[in-house]
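All remarks here apply to the structure that follows.
What you see below is based on every heavy atom in this structure, not just the backbone, and it leaves out hydrogens, waters and symmetry mates. Position 1 is the first residue of the sequence; numbering continues from there. All ligand and atom numbering here is 1-based and tracks the order in the structure.
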Amino acid sequence: MSLKEVDSTNTFLKNILSNSKPVPDGTVIMAETQYAGRGQRDNTWHAEPGKNLTFSLLLKPGFLSAQQQFDLTRAVSLGVYDALYPLLRDSLKIKWPNDIYYGDKKLGGMLIENILQGSQIKNAIIGIGLNVNQENFPDNAANATSIKKILQRDYELKNILAEICNHIEAYYLHLKAGRFEYVRNIYLSRLYWLNEQRQFKSNGQVFEGVIKNVEDNGLLVIDQNGGEQAYNLKEIEFLNK
Ligand code: BTN
């Protein structure tokens with residue numbers, strides 16, 4: 001379904017899930033404009049109307065437990081990655097946990113909202129924002145880039161959407177078949193700053209460390225002088241020079 005304007009495609013999907021008849025697995029809600037787009041960590045997500053992809057995909061991963069939520073994050077991140085790889089090649093990275101980066105700039109992000117039933121994931125609302133044809137970004141989004149800024153041409157949003165959905169489906173099927181290790185290994189290999197000596201901040205302290213791994217549950221493992229420590233999203237900040 002394609003909407004002209006909506007507050008947030010994630011919120012819209014959540015509302016129709018709780019209000020109406022069953023919503024089929026694989027439903028996609030796409031919006032030309034979101035006036036209250038939501039990002040990670042309670043941020044807002046801004047995108048120039050009509051120029052970017054802002055959509056939500058509904059999956060019903062009843063085979064995944066709440067403890068396996070990060071495997072879904074991996075599958076979705078890799079689906080976006082694989083869809084863009086033919087265009088953007090090796091500068092494309094996944095910044096833990098699920099930002100899509102080109103070089104040191106953010107091309108897109110996702111907000112996955114899982115609805116649990118008992119210990120299983122009943123519904124996953126997978127919201128994806130990807131900067132495609134937008135050329136100018138506000139000063140407070142100085143770190144943002146778009147496919148157009150990188151490749152100097154416009155892309156058809158619907159085509160990129162279809163590629164993303166196809167590739168997410170492929171990884172989703174790997175999970176469904178129990179190939180978690182396969183997906184985990186590829187995810188790790190695509191990570192921004194993997195095995196590089198970099199600066200981070202945690203608890204007000206700046207330190208140098210090396211990303212070594214992502215635990216099954218999604219914690220980021222950083223090696224600091226031979227000692228490894230695992231962090232969650234709220235505990236760690238990447239410091240770009
Ligand atoms: C991030 O902070 O990086 C995540 C951004 C997620 C934005 C997308 S746009 C479509 C969907 N609807 C929302 O309100 N947010 C997500």
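- From the protein, the heavy atom lying nearest to atom 12 (N) of ligand 1 is Gln34 OE1, 2.9 Å.
- The distance from the OH atom of Tyr155 to the CD atom of Glu163 is 12.5 Å, given to the nearest 0.5 Å.
- Between Asp99 and ligand 1 there is a heavy-atom distance shorter than 4.0 Å.
- Using modelled atom types and a 3.5 Å distance limit, the side chains of Glu48 and Asn136 yield no donor-acceptor pair.
- Checked by distance only, ligand 1 and Trp45 stay at 3.5 Å or farther apart across all their nitrogen or oxygen atoms.
- Close approach of ligand 1 to Gly127 (heavy-atom distance below 4.0 Å) involves ligand atoms 8 (C), 11 (C), 16 (C).
- Which parts of ligand 1 touch Thr9 is read off a 4.0 Å heavy-atom cut-off, strictly below it: atoms 10 (C), 11 (C), 12 (N).
- Within the 3.5 Å criterion, the main-chain N or O of Thr33 finds no donor-acceptor partner in the side chain of Glu5.
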- Message: Between Glu113 and Lys14, is the salt bridge (Lys or Arg N to Asp or Glu O under 4.0 Å) condition met? List the steps.
- Response: CA-CA 9 Å; Glu113 298 181 282; Lys14 207 181 292 174; 3.3 Å; yes

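- Residue, atom and distance of the protein heavy atom nearest to atom 3 (O) of ligand 1 are Lys106 NZ, 2.6 Å.
- Between Thr54 and ligand 1, no N or O atom pair is found at a separation short of 3.5 Å.
- Within 6.0 Å of the NZ atom in Lys158, the count of heavy atoms belonging to other residues, nucleotides or ligands does not exceed 12.
- We find that Arg198 and Glu196 are joined by a salt bridge, their nearest charged nitrogen and carboxylate oxygen being less than 4.0 Å apart.
- Closest to atom 2 (O) of ligand 1, if we only count protein heavy atoms, is Gln40 N, 2.7 Å.
- Comparing Arg38, His46, Met110 against atom 7 (C) of ligand 1, the shortest heavy-atom distance belongs to Arg38.
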